[in-house]
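Everything numeric in this text was worked out from a predicted model, so none of it was measured. All values below were derived from every heavy atom in this structure, side-chain atoms included, with hydrogens, water molecules and symmetry-related copies excluded.
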Amino acid sequence: MYNINLFTPQDMAKCSLVLRQFGRNTASMEASSQKIVKYIYQHFCDSETGENTCALVRLFKTHPYGELEDSLQQSARRLMNGNSPAADMKCWTLLAAAGTEPQWNSRHTAAENTAIPLVSAKLVAQMPAISEIIRQFGLDIPTVLGIERERFLQLEPAVLNIFHVSQAKGSPFISEQNSLIIPYQIKSVLGFGGLLRSGSLFAVVMFLKVKIPETTAEMFKYLALSVKTALSLTEEKNVFDPSRNFSSIVNNNNIYDTQFLEYQIANLIQLLDFSEQEMLRQAARFQQTIDKLQREIADRKNKEHLQTSRDPFTDVHNFAEDAIVSFEENQGIQRFNQGQEKI
């Protein structure tokens, strides 16, 4: 179990390890996604009460309309007044969900619109949550809608980021105020994700019943890589089709075996890069702490030195009426106070 308000680098490493395994021996990306959101929903809890910290967890990815299954294509057409989008049009697609209400534990019933067509940059800019996720991930809308292969190859390894809304109630980026935020007392919304090799954008979105600061949210950037690893093991080949025999695919398809190993190697290298970055960040923070302590120690020593080096007559000079005289051996009187002067 993880307490999100006390989430440590050690917790992040443990959670990351578990999430990374969910792509193994899984028949589809949808199945991997469901394992991921279920784990996050069940394992982030209040350490005292055991209550789930998340009311709802969703996992989205962009996906070409022509490759969606029938129910998702119907959802997209409803939003286009019955018209069919172009086959290559990206759709903001719900892959998995887990939450408090029973209907939230299936992507078929977890949201009113399970596939939202991203028709144009202008229309996407009018979708607050999606456009803000894209912005906070460090991308732009045209890139997400129709990414150029060369630009994508440059961006894909680097784009792993977070989406954070510290105050969910009243936020212009969260549209479900009356149906989700207010009735379930959602305090913050946290998302994390990035780009898949296919050019798809993925995002895990957590609706939290506690408020979390930016420093805690930043740590979830490192979980994005583990989710990417899990999703990459199935990638675009088997997104919605859980009926195919996964073991036969692995055993009989040498190309899949090769891709599997390539994904593992690429993602392990990326994980190493992220680990090194985190190590450097923690080392820099540790050095800042040491520098601060050293400055405080130096300041305290200076103050102590000033106190011990003060004229011993300073304190008594203004108060004592008796004569006080300082003698040095073989040198006679060195100092005396006002009392001695009067005498």
Visitor: Distance-only, no hydrogens or angles: does the D46 side chain make a donor-acceptor pair with backbone N or O of E48 under 3.5 Å?
Guide: yes
Visitor: Restricting to side-chain hydrogen bond (donor to acceptor under 3.5 Å, both in side chains), what partner residues turn up for E214, sequence neighbours left out?
Guide: H164
Visitor: Is the number of heavy atoms from other residues, nucleotides or ligands under 6.0 Å of N178 CG greater than 12?
Guide: no
Visitor: Establish, from distance only, whether the side-chain atoms of E30 and S28 form a donor-acceptor pair under 3.5 Å.
Guide: no
Visitor: May I ask you to decide if I116's main-chain N or O and N113's side chain share a donor-acceptor pair within less than 3.5 Å?
Guide: no
Visitor: State which residues pass side-chain hydrogen bond (donor to acceptor under 3.5 Å, both in side chains) with D291; sequence neighbours excluded, sorted by chain then number.
Guide: Q287
Visitor: Taking the side chain as every heavy atom from C-beta outward, state whether K90 and P117 have any pair of such atoms under 4.5 Å apart.
Guide: no
Visitor: Mark yes or no for whether N105, through its side chain, and A97, through its backbone, hold a donor-acceptor pair below 3.5 Å.
Guide: no
Visitor: Evaluate the side-chain proximity of H43 to C15: yes if any heavy-atom separation is below 4.5 Å, no if none is.
Guide: no
Visitor: I want to check something: taking the side chain as every heavy atom from C-beta on, are W92 and L201 in contact at a cut-off of under 4.5 Å?
Guide: yes
Visitor: Could you pull out all residues at least two apart from N5 that satisfy side-chain hydrogen bond (donor to acceptor under 3.5 Å, both in side chains)?
Guide: none
Visitor: Hey, does the side chain of K209 reach the backbone of N52 with a donor-acceptor pair shorter than 3.5 angstrom?
Guide: yes
Visitor: Would a hydrophobic clustering, with Ile, Leu, Val, Met, Phe, Trp and Tyr connected at side-chain separations under 4.5 Å, put V119 with I134?
Guide: no
Visitor: Can you check whether G170's main-chain N or O pairs, donor with acceptor, with Q177's side chain at less than 3.5 Å?
Guide: yes
Visitor: What pair of heavy atoms forms the shortest contact from A230 to S32, and how long is it?
Guide: O-OG, 4.2 Å
Visitor: Could you check whether any side-chain heavy atom of K221 comes within less than 4.5 Å of a side-chain heavy atom of F192, counting everything from C-beta outward?
Guide: no
Visitor: What heavy-atom pair brings L118 and M89 nearest, and what distance separates the two atoms?
Guide: O-CG, 3.8 Å
Visitor: Please test I40 against L223 for side chain to side chain contact (heavy atoms under 4.5 Å, CB included), starting from the C-alpha separation and ending with a verdict.
Guide: CA-CA 11 Å; I40 293 172; L223 294 186; 5.9 Å; no
Visitor: Would you call L225 and S16 a side-chain contact if the rule is heavy atoms closer than 4.5 Å?
Guide: no
Visitor: Atom CZ in F7, atom OG1 in T215: separation rounded to 0.5 Å?
Guide: 12.5 Å
Visitor: Please test T100 against Y41 for side chain to side chain contact (heavy atoms under 4.5 Å, CB included), starting from the C-alpha separation and ending with a verdict.
Guide: CA-CA 9 Å; T100 304; Y41 173 71; 3.7 Å; yes
Visitor: Can the ring centres of F44 and F220 be said to be less than 6.0 Å apart?
Guide: yes
Visitor: On a heavy-atom basis, which atom in F202 and which in F137 lie closest, and how many Å separate them?
Guide: O-CE2, 3.6 Å
Visitor: Looking at residues at least two apart in the chain, or sitting in another chain, which of them share a salt bridge (charged side-chain N to carboxylate O under 4.0 Å, His left out) with K187?
Guide: none
Visitor: When the aromatic ring centroids of F22 and Y39 are compared, is their separation below 6.0 Å?
Guide: yes
Visitor: Test: side chain to side chain donor-acceptor pair (under 3.5 Å). Region: residues 116-139. Which pairs qualify, not counting sequence neighbours?
Guide: E132-R135, E132-Q136
Visitor: Which heavy atom of R20 sits nearest a heavy atom of S226, and at what distance?
Guide: NH1-OG, 3.5 Å
Visitor: Heavy atoms only: give me the nearest L95-S33 pair and the separation to one decimal.
Guide: CD1-OG, 3.5 Å
Visitor: Indicate yes or no: at least one non-hydrogen side-chain atom of R197 is less than 4.5 angstrom from one of S232.
Guide: no
Visitor: Side chain of S188, backbone of I212: donor and acceptor closer than 3.5 Å?
Guide: yes
Visitor: Looking only at heavy atoms, which two atoms of V189 and A168 are closest? And how far apart?
Guide: CG2-CB, 3.9 Å
Visitor: How far does NZ of K169 sit from CD1 of I186, to the nearest 0.5 angstrom?
Guide: 12.0 Å
Visitor: From L59 CG over to R107 CZ, what is the distance, rounded to the nearest 0.5 angstrom?
Guide: 12.0 Å
Visitor: If I take atom CZ from residue R295 and atom NZ from residue K292, how far apart are they, to the nearest 0.5 angstrom?
Guide: 8.0 Å
Visitor: Mark yes or no for whether T93, through its side chain, and A115, through its backbone, hold a donor-acceptor pair below 3.5 Å.
Guide: no
Visitor: Any chance you could measure M12, atom CE, to T216, atom OG1, to the nearest 0.5 Å?
Guide: 12.5 Å
Visitor: Look up atom CG in L123 and atom CD1 in I141, then write down how far apart they are to the nearest 0.5 Å.
Guide: 10.0 Å
Visitor: Could you pull out all residues at least two apart from K35 that satisfy side-chain hydrogen bond (donor to acceptor under 3.5 Å, both in side chains)?
Guide: T26
Visitor: Within a reach of under 6.0 Å around CD of Q185, are more than 12 heavy atoms found that belong to other residues, nucleotides or ligands?
Guide: no
Visitor: Could you walk me through whether L68 and C91 pass the side chain to side chain contact (heavy atoms under 4.5 Å, CB included) test, one step at a time?
Guide: CA-CA 9 Å; L68 294 175; C91 293; 4.0 Å; yes
Visitor: Quick one: do I130 and V144 satisfy side chain to side chain contact (heavy atoms under 4.5 Å, CB included)? Show the steps, please.
Guide: CA-CA 11 Å; I130 298 174; V144 173; over 6 Å; no
Visitor: Test F207 against W104 for ring-ring contact (aromatic ring centres under 6.0 Å, His included), laying out the working first.
Guide: CA-CA 12 Å; F207 294 86; W104 289 353; 8.4 Å; no
